[in-house]
Amino acid sequence: MGEVEVIHSWSAPRSLSTSLMYSFAQRDDIEVLDEPLYANFLRVTGVDRPYRDKVLSKMDSDGNKVLNEVIFGPGEKKYRYCKHIAKQRTPDLTADLMKRGKHFILIRNPLHILPSFDKVVPPSFSELGLAGLASIYCELSELGKAPPVIDSEDLQKDPEAVLCGLCEDLDIPFQSSMLRWEAGPKDYDGVWAQWWYGSVHKSTGFSKPREYPATLPVQLYDLLEQSMPFYKMLRNKTRKTFQTSPLRPSLPDPPLPVPENEKILVWVGDELVARNDAKVSVFDSVVQGGDGVWEGLRIYNGKVFKLEEHLDRMFDSAKALAFVNVPSREAIKEAIFKTLNANGMFNNSHIRLTLTRGKKVTSGMSPAFNLYGCTLIVLAEWKPPVYDNTGGIKLITATTRRNSPNSVDSKIHHNNLINNILAKIEGNVAQVEDALMLDKDGFVSETNATNVFMVKKGQVFTPHADYCLPGITRATVMDLVVKEKFVLHERRISLSEFHAADEVWTTGTMGELTPVLMIDGRVIGDGKVGPVTKQIQRAYKTLTEESGVLIPRSE
């Protein structure tokens with residue numbers, strides 16, 4: 001007899017925990033204990049079970065005595081595997097339970113548990129145990145011992161891969177014997193086995209998951225909603241290689257352009273949520289048909305630049321699309337200010353402000369289905385200007401044409417951006433920053449994301465806003481051009497005029513003023529950022545430093 005290294009398995013009922021115990025029992029270096037704290041749980045909680053008296057008569061109900069003498073007692077094998085159910089971690093147990101040994105957590109989707117849960121015990125939130133597992137995960141993490149998490153469905157799909165990964169995480173060698181066992185009862189089964197273990201006694205290994213889920217009883221829907229957030233939280237802690245499906249193949253987490261945006265708070269509907277929880281309903285109009293309007297806002301020196309102008313355009317767009325139950329201007333401002341304060345974003349940041357027609361009562365095109373009011377999204381990110389405003393960019397001309405007012409009026413700043421996206425794809429393929437878009441008559445309209453200006457012989461030109469978006473930054477720059485004593489022309493401009501221009505720049509909230517040095521392989525001017533461009537850039541920078549709506553902060 002000697003000291004044994006204890007492995008604690010934490011799970012909820014009906015999660016393949018017994019199969020996993022049988023798996024570990026096949027090793028030549030391990031002994032297993034089936035829920036050694038069950039009697040203590042029955043004594044402390046007083047809950048009724050059909051086998052309650054039998055358990056209390058055959059097992060020690062003093063939990064801390066069990067911890068010291070059974071779980072952490074001496075043994076003949078190198079390892080001792082203890083199968084625990086989350087709810088059996090009662091408050092009377094000492095901290096040794098969590099501090100000593102190695103721990104891992106086994107989870108199962110409640111959607112696969114609930115349809116058959118009530119064979120022995122009526123289903124309830126506490127009986128499902130997912131909140132208890134989440135609590136165990138958090139407590140172990142605080143102790144610096146974040147436990148591995150495995151999902152029973154992954155275990156069923158590929159037992160060897162999951163067991164190999166678990167053994168690696170537990171720093172024990174994998175043994176292939178863990179994949180098979182003999183059918184029938186085991187001498188280490190708990191006394192409750194005849195009530196719970198009928199199916200597993202027929203097994204000789206991990207069974208494949210059901211191809212299709214059983215029907216969920218309607219009366220259990222609320223319980224599913226209550227439990228699912230805890231399952232998802234733990235599911236996100238499993239190995240990335242197992243977080244896959246035929247519809248979502250395994251991909252590494254991509255690096256973010258700005259790593260600080262990994263942990264931001266986003267306003268969705270009427271509340272702030274963490275980035276990974278920032279979602280809208282599948283019934284929302286923006287999902288159903290791109291039915292929403294949006295604005296881009298930039299933050300400078302504790303102020304929101306051109307806030308009122310952007311809100312004016314948002315409300316105009318919403319009215320043009322016949323939105324109803326639109327939030328008030330003050331409510332939208334409050335959501336913006338709360339989001340910025342919560343994230344500490346008072347400079348060098350950008351907001352994607354979206355207002356959708358809202359959630360529908362059923363899928364379909366008709367706005368008559370929109371009976372919940374609009375959905376507001378305030379997505380604030382740390383985001384410097386997206387283009388090289390010092391060195392300049394290159395453009396190509398897209399074959400995709402800008403929408404005509406005969407189709408969708410560009411003065412409506414709507415979310416259905418497929419027209420622009422197709423042009424952007426052309427730019428990506430050509431390995432340039434953006435793509436110029438022409439109108440139906442072949443005149444230059446704008447790029448896929450910005451408005452455009454050109455300079456010829458000291459005079460400034462920009463296309464009419466008949467087909468392009470009349471941008472807020474565009475209007476600001478037009479005013480600055482005049483204030484800086486340049487002649488401004490707003491007219492139709494052909495592509496060849498842009499090719500032959502002395503200077504070209506683009507304007508937009510995301511990119512500010514960006515010099516264009518080449519279009520379709522033609523060098524613009526002398527291939528350098530021109531003097532007019534630089535002068536307007538300086539004027540714009542001064543304006544952003546001096547103006548804007550102050551972001552209120554709590555004292």
Side-chain angles (χ1 to χ4, degrees), residues 4-27 29-42 49 51 54-55 58-61 63 66-67 69-73 75 77-90 93 96-98 100-108 113 120-121 127-130 132-133 135-137 140 147-152 155-156 159 162-163 166-167 169-170 172 175 177-179 181-182 184-201 203 205-207 234:
V4 176
E5 190 168 4
V6 177
I7 297 172
H8 302 277
S9 164
W10 293 99
S11 62
R14 305 191 69 78
S15 59
L16 301 189
S17 58
T18 305
S19 294
L20 193 58
M21 178 180 70
Y22 287 2
S23 169
F24 272 83
Q26 307 314 303
R27 298 174 61 98
D29 57 358
I30 205 162
E31 61 185 30
V32 299
L33 297 177
D34 191 5
E35 300 180 40
L37 294 171
Y38 205 158
N40 180 74
F41 166 74
L42 293 176
R49 292 289 186 272
Y51 41 79
K54 190 174 182 180
V55 171
K58 290 183 174 294
M59 296 179 68
D60 196 323
S61 62
V66 171
L67 276 177
E69 298 181 3
V70 180
I71 293 176
F72 296 119
K77 298 288 184 72
K78 183 175 182 180
Y79 302 107
R80 178 175 293 134
Y81 180 98
C82 295
K83 171 190 160 193
H84 301 299
I85 303 299
K87 62 177 177 285
Q88 295 170 6
R89 187 179 67 116
T90 53
L93 297 171
D96 275 359
L97 175 59
M98 306 307 288
R100 296 177 63 183
K102 299 176 179 180
H103 299 255
F104 76 90
I105 292 175
L106 171 67
I107 59 173
R108 192 178 184 190
I113 298 174
V120 177
V121 179
E127 288 294 342
L128 274 175
L130 281 161
L133 290 175
S135 177
I136 288 170
Y137 181 89
L140 289 169
V149 180
I150 62 171
D151 192 312
S152 61
L155 186 59
Q156 289 178 295
V162 173
L163 289 173
L166 177 60
C167 289
D169 290 336
L170 294 173
I172 64 174
Q175 293 185 7
S177 59
M178 299 173 71
L179 298 173
W181 53 84
E182 292 185 1
K186 311 293 185 287
D187 57 8
Y188 46 82
D189 283 344
V191 297
W192 48 87
Q194 69 181 87
W195 282 269
W196 288 101
Y197 294 178
S199 296
V200 73
H201 282 166
S203 71
F206 294 101
S207 60
L234 290 167

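All of these numbers come straight from a predicted model, not from anything done at the bench. Computed over heavy atoms, backbone and side chain alike; hydrogens, waters and symmetry mates excluded.
Inter-residue side-chain proximity for Leu179 and Ser23 is flagged as unmet; no heavy-atom pair is nearer than 4.5 Å. Taking the side chain as every heavy atom from C-beta outward, Arg89 and Met98 approach each other to under 4.5 Å. Side-chain contact between Leu155 and Leu166 is absent, with no heavy-atom pair separated by less than 4.5 Å. With a 4.5 Å cut-off on side-chain heavy atoms, Arg108 and Ser11 do not count as touching. Counting heavy atoms from C-beta on, the side chains of Leu16 and Leu20 never come closer than 4.5 Å.
Between His8 and Phe72, the distance from one ring center to the other falls under 6.0 angstrom.
Under the side-chain contact (heavy atoms from CB on, under 4.5 Å) criterion, Ala12 pairs with Leu133, not counting sequence neighbours. With sequence neighbours excluded, the residues satisfying salt bridge (Lys or Arg N to Asp or Glu O under 4.0 Å) with Asp34 are Lys83. For the side-chain contact (heavy atoms from CB on, under 4.5 Å) test, residues two or more places apart in sequence or in another chain that qualify with Val200 are Thr18, Ser19, Tyr22, Tyr197, Ser203. With sequence neighbours excluded, the residues forming a side-chain contact (heavy atoms from CB on, under 4.5 Å) with Ser61 are Ala39, Arg43, Leu56, listed by chain and number. Contacts of Glu5 classified as side-chain contact (heavy atoms from CB on, under 4.5 Å), with partners at least two apart in sequence or in another chain: Tyr79, Lys102. A search for side chain to side chain donor-acceptor pair (under 3.5 Å) contacts involving Asp96 returns nothing, not counting sequence neighbours.
Below 30°, between 30° and 60°, or above 60°: for Phe104 and Tyr81 the angle between ring planes is between 30° and 60°, a tilted geometry. In this structure, Trp181 and Phe206 have perpendicular ring planes: the angle between them is above 60°, well past the 30° mark.
With hydrogens and angles ignored, the 3.5 Å screen pairs a side-chain donor or acceptor of Arg80 with a backbone N or O of Gly73.
Applying the 6.0 Å contact sphere to NZ of Lys78 captures no more than 12 heavy atoms from other residues, nucleotides or ligands.
Taking all atoms of both residues into account, the shortest heavy-atom contact from Leu97 to His103 is O-CE1, 3.1 Å.
A distance of 4.5 Å separates CD in Gln156 from OG in Ser207, rounded to the nearest 0.5 Å.
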